[in-house]
Engineer: 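First, the structure itself, so that you have it in front of you.
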Number of protein chains: 4
Amino acid sequence: MSTKFVQKRDASMQLILQVGLDLFAENGYSPTTIRMIAEKAGISLGLLYNYFKSKEEVLRAIFQKNIRDIQADWRNSKESDQGITLNRFIRQFFKNVKNNNHFWILFYDLRLSGTTALVVTNEVKEIESVLQKILENCLVEAEIAFPGLEAKLLLASLDGVAQHFLLQNSFPVNDVVHLLLMKYPQPNAK
Amino acid sequence: MSTKFVQKRDASMQLILQVGLDLFAENGYSPTTIRMIAEKAGISLGLLYNYFKSKEEVLRAIFQKNIRDIQADWRNSKESDQGITLNRFIRQFFKNVKNNNHFWILFYDLRLSGTTALVVTNEVKEIESVLQKILENCLVEAEIAFPGLEAKLLLASLDGVAQHFLLQNSFPVNDVVHLLLMKYPQPNAK
Amino acid sequence: MSTKFVQKRDASMQLILQVGLDLFAENGYSPTTIRMIAEKAGISLGLLYNYFKSKEEVLRAIFQKNIRDIQADWRNSKESDQGITLNRFIRQFFKNVKNNNHFWILFYDLRLSGTTALVVTNEVKEIESVLQKILENCLVEAEIAFPGLEAKLLLASLDGVAQHFLLQNSFPVNDVVHLLLMKYPQPNAK
Amino acid sequence: MSTKFVQKRDASMQLILQVGLDLFAENGYSPTTIRMIAEKAGISLGLLYNYFKSKEEVLRAIFQKNIRDIQADWRNSKESDQGITLNRFIRQFFKNVKNNNHFWILFYDLRLSGTTALVVTNEVKEIESVLQKILENCLVEAEIAFPGLEAKLLLASLDGVAQHFLLQNSFPVNDVVHLLLMKYPQPNAK
DNA sequence: AATGAATGAGACTTCATTCAT
DNA sequence: TATGAATGAAGTCTCATTCAT
């Protein structure tokens, strides 16, 4: 008996997280109501509260799921390769942004809105630190000057480019990223 | 109409807009209540509604005031000089961000949150287009390759750097901006 | 000095009462705001309150003015004639309704809405009793059977016809009134 | 959807409509507050808004329910008989007014107050047209002259009599109606 | 597990009225 | 006399959350 129920339960929870993420990204966190989520997920209010004890809990779960996914992405990327070049880092970053566009909209939104302070500060910081560590490594290995400062500049720039990409349908990410990469020395061989 | 009334009215309105901007930037637009604004401004709820017919109207007024200020900044900048170099553009941009830090937090927040769609879309677009035009001019005059694409990259990067600066007290803007400028050819003479 | 000021004062008061009546009739008493009245009358809020100490006071003044007008109408009607026939009564009634259409809309509205109970009960009753007395006299003099009951029926019917007339632009009052009169014996000579 | 929920829901909704009608009739639509309704119905404010999305919606629902009831009354009346005489029409009309006195007060009030224009215009018109059709039929069948004009006169008169009846406890409706009927030719045999 | 009825605090907004000038 | 700034109580409506079934 247990397995079937656990599966159903998990399916419902995943659905809630997915729908919640979509709505939070589209309308913002505050304007999205728990009722909207339940309705779009096709479940009752009560059931949603059986799974998550509050709206904040839903938000946190969304972040935690996406942190796991992001980390998995980077782990795969590392394992399947000898090291991460700057080139690979940036491509991996935008691949993730493309695949999880709603999450990144929400991430950037909350980081700015001060809601962070109350609910997902730690999760935001964790994501930032994961990226920062990997990137700094890249830059050190690539023997680029001022790796710390360059990491700050690059992370900020990537955030900016990602946002423009997320907000404008026609934003030419690939070209822009190419232009960005041209400003950094390329490894000899590909 | 008598001067005295106009002055009083203007004083109250400016106060509301200032306090509103501060609170919107600190807590986000939705979580900030009209009552919070009135209380922090030291006026009654009713008075606020004598001047602004809705919360959205307060937001719009804040944007319009800041658009005027930004445009004035750039106009002064132009007049006092023969042309705007990339260097000057970026310094001017960050000067504005520093002086109006709360506005820029709000700007970036709303652009992401979808609240834009309902209330200040036009204002956001206007700000974007003002900056884009000036920057593209710079790049053309500096004879930089791909000025259109570079403008996109640079605007996005500046947004990213501005955000990191706005969110982290200790962010070394000056150093980061310096590093950024090094990636572009400098005009021969200063 | 006094005369001029008194005139001005009176003109303003009359304007307020006129505008108030129009708005009360168009929107209903409760939905009409004091501000609406002041604006449409082209005066300030404060001035309105110099003349009338409350919204209810404005309403009461409107009723009192119209009661005086109605009574004057009937007095003139009597004086200029030997007696009032049913025919004359009805024609006089509708003449008044036509000339003071907004007042009668308001009158019927308030009589039904329960607002009467709080503010103008006495005025409403006075108007009713004035009409009832005159009409009963008519019926007695015309030697109609059941003058009391007929008065009730006729007053009610006239109210109904007046309302339909007030609410429908194209209501054929004259024809309807003619039809009504045919149900009563006509005095031999005109 | 489970029956139990439906029953509970329906019970609450009917209660709200009943209490709402009573209060609207007693105080008028505008002066009656949603809180008054909720309190008198013994439920919370929030629950009321679970079922009706606005105060106007409550009003509309009240009208729709009463329109259904009125139509049902007339349908029954027709079925159980070969045709509707004028006599029957009037008796049926006043039976309905007696049984639904609060609704009719509200109906007459709103028709005059201009609130109609915004919210229940259609419903008001529907009620008027239902009565008008039936009555005109009666008059045609009874071979009364000017059936169209007579219908207008009679509907107006009935409205007036109904209002006096609704507003004065001691109004002798039966006698007045009797007197009214005497002005029309009676069918020979019953 | 699942439902949706029910709650109540609190949000936005309105408006009669007062007050300083 | 005349203005409109200022007030605050009260109204409509929302929404996260709990509860009975």
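In what follows, every chain begins at residue 1, and chains take the letters A, B, ... in the order their sequences are listed.
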Engineer: Starting from C1' on F:dT14, measure out to CD on D:Glu57 and report it in whole angstrom.
Structural biologist: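 My rounded result for the distance is 16 Å.
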
Engineer: Ring-plane angle category for A:Phe107 and A:Phe103, please: parallel below 30°, perpendicular beyond 60°, tilted otherwise.
Structural biologist: tilted

Engineer: On DNA chain E, does the nearest nucleotide to C:Ser30 precede the nearest nucleotide to A:Tyr51 from the 5' side, or the other way round? Give the residue.
Structural biologist: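 Of the two residues, A:Tyr51 wins.
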
Engineer: Rounded to the Å, how far apart are B:Leu45 CG and E:dC15 P?
Structural biologist: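 My rounded result for the distance is 15 Å.
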
Engineer: Picking from E:dA16, F:dA2, E:dT13, which would you name as closest to the side chain of C:Leu47?
Structural biologist: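 Nearest nucleotide to the side chain: F:dA2.
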
Engineer: Yes or no on ring-ring contact (aromatic ring centres under 6.0 Å, His included) for A:Tyr108 and B:Tyr108, after CA distance, side-chain angles and deciding distance?
Structural biologist: CA-CA 9 Å; A:Tyr108 289 128; B:Tyr108 289 128; over 10 Å; no

Engineer: Quickly work out the D:Tyr49 OH to F:dT17 P distance and round it to whole Å.
Structural biologist: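 To the nearest whole Å, that distance equals 22 Å.
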
Engineer: Please report the distance, rounded to the nearest Å, between CD1 in B:Ile16 and C1' in F:dA5.
Structural biologist: 11 Å

Engineer: Do the side-chain N or O atoms of D:Ser12 get closer than 4.0 angstrom to the phosphate oxygens (OP1, OP2) of E:dA5?
Structural biologist: no

Engineer: Let's see if you can work this out: which of E:dT17, E:dT13, F:dA5 has an atom nearest to the side-chain heavy atoms of C:Lys55?
Structural biologist: E:dT17

Engineer: In whole Å, what is the span from the CD atom of A:Glu39 to the P atom of E:dT3?
Structural biologist: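 Taking atom P of E:dT3 as the reference, CD of A:Glu39 is at 13 Å.
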
Engineer: Provide the Watson-Crick or G-U wobble partner of E:dA9, both distances under 3.5 Å; none if there is no partner.
Structural biologist: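 WC or wobble partner is F:dT14.
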
Engineer: Could you state the atom-to-atom distance from CG of A:Leu48 to C1' of F:dT18 in whole Å?
Structural biologist: 14 Å

Engineer: For E:dC15, does OP1 or OP2 lie under 4.0 Å from any side-chain N or O of C:Arg35?
Structural biologist: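 No, outside the criterion.
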
Engineer: Here's a test of your reading of the structure: between D:Lys8 and D:Tyr29, which maps to the more 5' nucleotide of DNA chain F?
Structural biologist: D:Tyr29

Engineer: Would you kindly give the NZ-to-P distance between C:Lys53 and E:dT17, to the nearest whole Å?
Structural biologist: 9 Å

Engineer: Which nucleotide wins on minimum distance to the side chain of C:Thr33, given the candidates E:dC15, F:dG4, F:dT3?
Structural biologist: E:dC15

Engineer: State the pairing partner of E:dC19; accept Watson-Crick or G-U wobble contacts with both distances under 3.5 Å, and report none otherwise.
Structural biologist: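 F:dG4 - that is the nucleotide pairing with E:dC19, both distances being under 3.5 Å.
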
Engineer: Return whichever of A:Gly46 or B:Arg9 has its heavy-atom-nearest nucleotide of DNA chain F closer to the 5' end.
Structural biologist: B:Arg9

Engineer: Are D:Gln18 and D:Asp22 close enough that a side-chain donor and a side-chain acceptor fall under 3.5 Å?
Structural biologist: yes

Engineer: Kindly confirm or rule out a cation-pi arrangement of C:Lys55 over C:Tyr49, judged by NZ or CZ under 6.0 Å from the six-membered ring centre and within 45° of its axis?
Structural biologist: no

Engineer: Considering only E:dT7, E:dG4, F:dA6, which nucleotide approaches the side chain of D:Ile43 most closely?
Structural biologist: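 Selected nucleotide (nearest to the side chain): E:dT7.
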
Engineer: If you count every heavy atom of other residues, nucleotides or ligands that lies below 6.0 Å from D:Lys65 atom NZ, does the total exceed 12?
Structural biologist: no

Engineer: Tell me if the side-chain of B:Asn50 makes a donor-acceptor pair with the base of F:dA6, cut-off 3.5 Å, by modelled atom types.
Structural biologist: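 Answer yes: a donor N or O sits under 3.5 Å from an acceptor.
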
Engineer: Report the distance from atom CD1 of B:Ile37 to atom P of E:dT13, rounded to the nearest whole Å.
Structural biologist: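 Going from CD1 in B:Ile37 over to P in E:dT13 covers 11 Å.
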
